[in-house]
Amino acid sequence: MTITPDSIVYWQWGDFALNATIVFTWLVMALLTLGSWLVTRGLSEDPKLSRWQNLLEVLVVGIRNQIAQVSHQQPGPYLPFVGTLFLFIAMANLLNVIPGYMAPTGSLSTTTALAICVFVAVPVFGIASKGAGEYLQHYIKPTPLMLPFNVIGEVSRTVALAVRLYGNIMSGTVIVAILLSLTPYFFPVVMQLLGLLTGMIQAYIFAILAMVYIASATSAHEHGESDEHQHNTPSEP
Amino acid sequence: MEINWITVSAQVVNFLILVWLLKHFLYQPVIRAMDRRDQKIRNRMDEADSREQEALREKQSYQQKLASFEKEREELLEETRQEARQTRSQMIDQAREETARVRSHWMREVSEEKTAFIDGLRHQSLEVVETVIRKALQDLADERLEERIAHTFIRKLHELDEETREALGRSSEPATIATSFELDPGQRSTLTRAIHELVGADLAVNYTQVPELICGVELTCESQRISWNLSDYLEELTASVEKAFEPLETTEPGA
């Protein structure tokens, strides 16, 4: 039984292996990009619009509103990063219903890559909005004694981000695989539906947590810290 | 649970590419379209607002115009009504005048006719009375009656006031005594004597006979005239008859 799509290798060139993770990631990317392009090339600026444009607008507006709610800032700069996190994870998990498809998010490599992106994006956004000095100062607040704990916290939450997503998606796949051998026909379908729900929730959690981390780095320290706690506690599965 | 670091780096690159792709193919166009639509809608709302304002203004102006038209119409109507009332009252007055004129004309005619009728009646009745009386008196006339008449005349002469007597005395012309019957000489001298006693002996007296006087005597001298005859009584009778007819004349026009 394959647990991770990393182990399915289609083509090998030296150290580089073209595995299922990368291939299915490209598939998701292609779907998202093509879909967006097809809809947005004929965008209507009149009040009357197509259903697909309406869907995209609802998505974009929804993401913008979520970002604005969490960060209490203009969503503009964060929209591409956070929105793409959500759309990519959601699409990757959604396609799980297709037989033969393996979610790239079920690979720890993918979730680690996404977590690393968040890990890097937090200081990038923080420095961009507050300047390097002020941003780095928050590591030694309230006292310099807290520096190691702050750094550990930063790293551990990134690891948690990666493992949480990977664990949820992988477990879903594994549970369905096990159930298929134990009780075939109907019960796995229910679990598959549950897996879809979990996938969407995980996409939402990942994007929101990323936004919370970025917001805590960009806004005033106390404000951001309280925000992080507020959103962290209930969404931790 | 293993991490393929090459895959990790590939996925990082993939993700960054996806971020770029979606930014260009999804977020920017969609947001731009929404903003433009918002702007368009806002413009339309503004336009609609301004149009509404304009429409309101026009409506108000039309309402004002309408009100002024209405007022003008009302004034014209009132004027016409006034004129009609005036014309009507004028016509009524004219008609009334015309009626009154016709009526008065008719009344006059009626009254003239009545007067003529009454005159005729009076005349005829008087003639009849006169004829009857004349006949009766002529039948009755004898010397005793004539004597009584002369006496009555003499008494009347005695009753004359001072002024008339003096006027008679001053008269240069002779007095004429007219009688309806032939006076015998004795009666004439009695009369002459009585006159002379009253006004003086200078006055000459002539005698004539006038049958129309009906048992009467009349003394005429210059402008003076003293008489006693039945004609006077008949005239009094006529007057009383006319008086008796008067109520008819006065009440009838009003009826």
Side-chain angles (χ1 to χ4, degrees), chain A residues 3-7 14-19 21-22 25-26 28-30 32-41 43-47 49 53 56-57 59-61 63-64 76 79-85 87-88 104 107-117 120 162-163 166-167 170, chain B residues 1-70:
Chain A
I3 285 180
T4 164
D6 283 8
S7 52
D15 278 345
F16 181 78
L18 186 67
N19 51 33
T21 309
I22 294 171
T25 300
W26 285 348
V28 170
M29 283 168 66
L32 283 174
T33 310
L34 201 71
S36 302
W37 177 71
L38 280 174
V39 176
T40 54
R41 77 191 162 144
L43 277 181
S44 149
E45 289 168 6
D46 291 329
L49 25 112
Q53 185 181 346
L56 288 196
E57 285 187 6
L59 272 173
V60 172
V61 170
I63 295 167
R64 265 157 62 108
L79 177 66
F81 183 72
V82 179
T84 307
L85 274 178
L87 287 179
F88 173 70
S107 143
L108 193 57
S109 305
T110 309
T111 59
T112 306
L114 296 179
I116 287 168
C117 286
V120 176
V163 174
Y166 159 72
M170 182 272 289
Chain B
M1 178 142 167
E2 56 187 60
I3 297 175
N4 184 339
W5 287 106
I6 293 170
T7 308
V8 168
S9 50
Q11 288 295 70
V12 167
V13 173
N14 280 342
F15 180 72
L16 292 179
I17 290 169
L18 186 63
V19 167
W20 185 85
L21 283 172
L22 288 188
K23 189 181 174 184
H24 280 269
F25 287 110
L26 180 61
Y27 307 122
Q28 279 179 352
V30 166
I31 287 169
R32 210 180 299 132
M34 285 196 299
D35 285 351
R36 280 190 196 148
R37 189 165 58 240
D38 272 7
Q39 190 58 45
K40 266 190 180 175
I41 289 169
R42 213 169 298 128
N43 288 348
R44 277 190 200 177
M45 295 290 270
D46 289 350
E47 203 179 329
D49 270 359
S50 70
R51 275 188 196 170
E52 201 185 329
Q53 293 290 328
E54 200 180 329
L56 251 162
R57 267 201 304 279
E58 262 177 34
K59 188 185 159 200
Q60 275 175 350
S61 90
Y62 276 125
Q63 272 175 342
Q64 276 176 356
K65 272 183 197 165
L66 211 68
S68 77
F69 277 146
E70 188 69 22

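Each chain gets a letter, A, B and so on, in the order its sequence line appears, and its residues count up from 1. Note: hydrogens, waters and symmetry copies are ignored here, and every other heavy atom, side chains too, is used.
- A pairwise comparison of heavy atoms in B:Pro29 and A:Thr40 identifies CB-CB, 3.9 Å as the closest pair.
- The residue among A:Leu114, A:Leu59, A:Ile116 with the most heavy atom pairs within less than 4.5 Å of chain B is A:Leu114.
- Applying the side-chain contact (heavy atoms from CB on, under 4.5 Å) criterion to B:Arg51, with sequence neighbours excluded, gives B:Glu47.
- Applying the side-chain hydrogen bond (donor to acceptor under 3.5 Å, both in side chains) test to every pair with at least one member in residues 4-18 of chain B, sequence neighbours left out, gives these pairs: A:Asn19-B:Thr7, A:Thr25-B:Gln11, A:Trp26-B:Asn14, A:Thr110-B:Gln11, B:Asn4-B:Thr7, B:Gln11-B:Asn14.
- Within the 4.5 angstrom heavy-atom criterion, only side-chain atoms of B:Ile6, from C-beta onward, approach chain A.
- Between chain A and the options B:Asp38, B:Ile41, B:Ile31, the largest number of non-hydrogen pairs under 4.5 Å is found for B:Ile31.
- More than 12 heavy atoms of other shown residues, nucleotides or ligands fall within 6.0 angstrom of atom CZ in B:Arg32.
- For chain B, no part of A:Arg41 is nearby; none of its heavy atoms comes within less than 4.5 Å.
- The parts of B:Leu26 that come within reach of chain A are both its backbone and its side chain, each placing non-hydrogen atoms under 4.5 angstrom from that chain.
- A donor-acceptor pair is defined here as one N or O able to donate and one able to accept, closer than 3.5 Å; such a pair exists between the side chain of A:Thr111 and the backbone of A:Ala162.
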